[in-house]
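Everything on this sheet refers to the single structure shown next.
In what follows, residues are counted from 1 in the order of the sequence shown.
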Amino acid sequence: MGRGRVQLRRIENKINRQVTFSKRRSGLLKKAHEISVLCDAEVALIVFSTKGKLFEYSTDSCSMERILERYERYSYAESLLCLTCTHPVVNLQGSWTLEYAKLKARIEVLQKNLRHYNGQDLDSLSLRELQNLEQQLDSALKHIRSRKNQLMYESITDLQKKVKASLTS
């Protein structure tokens with residue numbers, strides 16, 4: 001025998017409300033994961049608790065930003081279609097203003113990321129964000145070491161060729 005239909009209204013008891021939020025949040029995150037795996041869909045889920053705590057899920061560890069950028073591009077394109085249909089001349093300037101605002105916001109995000117990569121302004125980051133930043137830095141460090149080793153190997157090879165050439169001549 002299943003449970004009856006739950007009436008959707010605010011739960012007045014603060015403790016019951018928190019317990020329900022926690023259970024439903026985990027269920028929602030589970031469903032987001034399931035739809036991403038089963039349907040090969042890109043999913044981004046953002047939930048803020050009443051206390052302002054952030055809970056998020058994205059298909060891959062670093063794809064939240066990519067999915068949000070994709071969403072912005074899509075909604076921007078949709079808004080441009082609507083704007084150009086109604087007021088093409090007025091909306092051309094509006095689209096440039098919107099583009100400027102988007103680029104300015106993008107620059108701020110990139111500057112914030114650069115500060116984080118330099119080890120600055122880390123106090124505002126959550127544990128998950130710090131772990132993600134650490135992974136990105138580890139990956140970058142491995143790439144840099146690989147490139148350095150490749151250049152050193154090429155340099156050594158060139159020097160060995162020059163030594164052989166000087167000995168044979």
Identify the two heavy atoms, one from Ser124 and one from His116, that lie closest to each other, and give their separation to 0.1 Å.
OG-NE2, 4.5 Å

Can Leu29 and Arg25 be said to form a side chain to side chain contact (heavy atoms under 4.5 Å, CB included), step by step?
CA-CA 6 Å; Leu29 292 171; Arg25 181 196 71 229; 4.2 Å; yes

Here the pair of heavy atoms bringing Val43 nearest to Thr59 is N-OG1, 2.6 Å

At what distance, to the nearest 0.5 angstrom, does OG1 of Thr20 lie from CD1 of Ile15?
11.5 Å

Do the side chains of Leu45 and Glu56 get nearer than 4.5 Å, heavy atoms only?
no

Please report the interatomic distance OG(Ser139) to CD(Gln135), rounded to the nearest 0.5 Å.
9.0 Å

CG/Leu130 to CD/Glu134 distance, rounded to the nearest 0.5 angstrom?
8.5 Å

Using only atom types and a distance under 3.5 Å, with no angle test, would you say the side chain of Asn132 pairs donor to acceptor with the backbone of Arg128?
no

Please report the shortest heavy-atom distance between Glu129 and Ser126, naming the atom on each side.
OE1-N, 2.8 Å

Test item: Val37 and His33 side chains (from C-beta on) under 4.5 Å apart, heavy atoms
yes

Does the side chain of Arg106 come within less than 4.5 Å of Val109's, by heavy atoms?
yes

Indicate yes or no: at least one non-hydrogen side-chain atom of Tyr117 is less than 4.5 angstrom from one of Leu133.
yes

Are any non-hydrogen side-chain atoms of Val47 and Tyr57 less than 4.5 angstrom apart?
no

Would you say Lys112 and Asp121 make side-chain contact, with heavy atoms under 4.5 Å?
no

Let me check something: do Phe55 and Leu28 share a hydrophobic cluster, defined by ILVMFWY side-chain heavy atoms less than 4.5 Å apart, either directly or through other members?
yes

To the nearest 0.5 Å, tell me how far Arg145 CZ sits from Lys148 NZ.
7.0 Å

Counting only heavy atoms not in Arg115 (residues, nucleotides, ligands), do more than 12 fall under 6.0 Å from its CZ?
yes

Min side-chain heavy-atom separation Lys14-Gln18 under 4.5 Å
no

Return yes if some donor-acceptor pair links the side-chain N/O of Ser22 with the main-chain N/O of Val19 below 3.5 Å, else return no.
no

Rounded to the nearest 0.5 Å, what separation is found between the NZ atom of Lys31 and the OG atom of Ser26?
12.0 Å

Inter-residue atom distance Ser58.OG - Ile46.CD1, 0.5 Å rounding:
9.5 Å

For residues Glu12 and Arg17, report the shortest heavy-atom separation together with the two atoms involved.
O-NH1, 3.5 Å

Atom CG of Asp40 with >12 non-hydrogen neighbours under 6.0 angstrom:
no

Less than 4.5 Å apart, side chain to side chain, heavy atoms only: is that true for Asn113 and Glu65?
yes

Please check if Leu137 and Leu125 belong to a single hydrophobic cluster, counting links between Ile, Leu, Val, Met, Phe, Trp and Tyr side chain heavy atoms closer than 4.5 Å.
yes

Flag yes if more than 12 heavy atoms outside Leu68 fall under 6.0 Å of its CG atom; otherwise flag no.
yes

Counting neighbours of CG on Leu159 that are heavy atoms of other residues, nucleotides or ligands and sit closer than 6.0 Å, is the number greater than 12?
yes

Can you see whether Gln150 engages Glu154 through a side-chain donor-acceptor pair at a distance of less than 3.5 angstrom?
yes

